[in-house]
Amino acid sequence: MELEQIIQNAADRLQEAGAAGASIGLILGSGLGAYAETLDNKRYVDYASIEGFPVSAVVGHKSRFVVGEKFGKTVVVMQGRFHYYEGYPQQMLSLGVRVMKRIGVENLLITNAAGGVNYPAGTLMLISDHINLSGSNPLIGRNLDSFGPRFPDLSNVYDKALRAKAKALAAADGISLAEGVYLMMAGPCYETPAEIRMARALGADAVGMSTVPEAITAAHCGIKVVGISLITNAAAGVLDQPLSHAEVTETANRAAAEFARLVDRFVSDLF
Ligand code: HPA
């Protein structure tokens, strides 16, 4: 099925679920999906019910859109995202963002769990920029001209003005919010200590396996992006201990309340 058709199928389903008028999109990362439950008047659209739409099978990820209201605003949430390491070409990872564009979303908050290169576990990090070492790009293939240009500018993917405002809002609420560069690796294995030394040398503060394809897709179609990484673990080799997905979800669960407070503030006042 053509990408445009899948996007249309999903947009139709979301419109039926009352997503018209939504200007805020939210993509919730590993262990952070519970925030969607805090929306009022929730409507669910399972990815599996949308013809042609991929489904995520990762533990800690649901696989559905949630439409709901928060602070009087309509919000569309991807509760569970797809990852490159699941075997999808990156253009399939772009679908959710393009669906959001079709229903009118102008601002997208992308969240993820990440390994800390320069920050300890538990840190909330505003993404200032990214480095794409995934080895691919969601815009490879025929350009969808109705979404954006063949060669999009990426000099302000994580909108500078929104970042300044985000930091001020977090500070006013007493939420400590670091800032830094997110580096994407393809995964699914965690990095080697040598790769983390490389990431640090390249200027990365956090490493993960998501976010970059979605952020690129949003930049392509003119959606403003704010990114938050929850540092769930010290990256490989930083501490003398192995990494595990259980550690990632445990830290995410522990930070869930603080994370929800920050996202609430952004939904209510940032956009
Ligand atoms: N590396 C890559 N992705 C991750 C990590 C990590 O250390 N932690 C959570 N997601």
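One-based numbering, in listed order, for ligands and for the atoms of each. Keep in mind the model is a prediction, meaning the values are calculated, not measured.
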Nearest neighbour in protein (non-hydrogen) for atom 8 (N) of ligand 1: Asn233 OD1, 2.7 Å
Nearest option to atom 3 (N) of ligand 1, as decided by whichever heavy atom of Gly208, Ala235, Ala206, Ala199 sits closest: Gly208
Enumerated ligand 1 atoms positioned under 4.0 Å from heavy atoms of Val248: 8 (N), 9 (C)
Test item: side-chain donor near acceptor, Tyr190 and Asn233, under 3.5 Å: no
Contact atoms of ligand 1, heavy-atom distance to Met209 under 4.0 Å: 2 (C), 3 (N)
SB check Lys70 Glu37 (cutoff 4.0 Å): no
For atom 2 (C) of ligand 1, closest protein heavy-atom neighbour: Glu191 OE2, 3.1 Å
Heavy-atom nearest neighbour of atom 5 (C) of ligand 1 within options Ala121, Gly29, Gly115: Gly115
side-chain contact (heavy atoms from CB on, under 4.5 Å) against Asn253, all qualifying residues, sequence neighbours excluded: none
Contacting atoms of ligand 1, where contact means under 4.0 angstrom from a heavy atom of Ala113: 9 (C), 10 (N)
Ile6/Glu2 under side chain to side chain contact (heavy atoms under 4.5 Å, CB included): CA gap, chis, key distance, verdict: CA-CA 7 Å; Ile6 303 173; Glu2 293 277 340; over 6 Å; no
Pair Arg43 + Glu69: basic N to acidic O under 4.0 Å: yes
Sub-6.0 Å ring centroid separation between Phe271 and Phe71: no
Listed partners of Lys167 passing side chain to side chain donor-acceptor pair (under 3.5 Å), at least two apart: Glu179
Proximal atoms of ligand 1 relative to Thr232 (non-hydrogen, under 4.0 Å): 8 (N), 9 (C)
Interfacing atoms of ligand 1 (cut-off 4.0 Å, heavy-atom, Leu243): 7 (O)
Contact partition for Ala236 relative to ligand 1, non-hydrogen atoms under 4.0 Å: neither
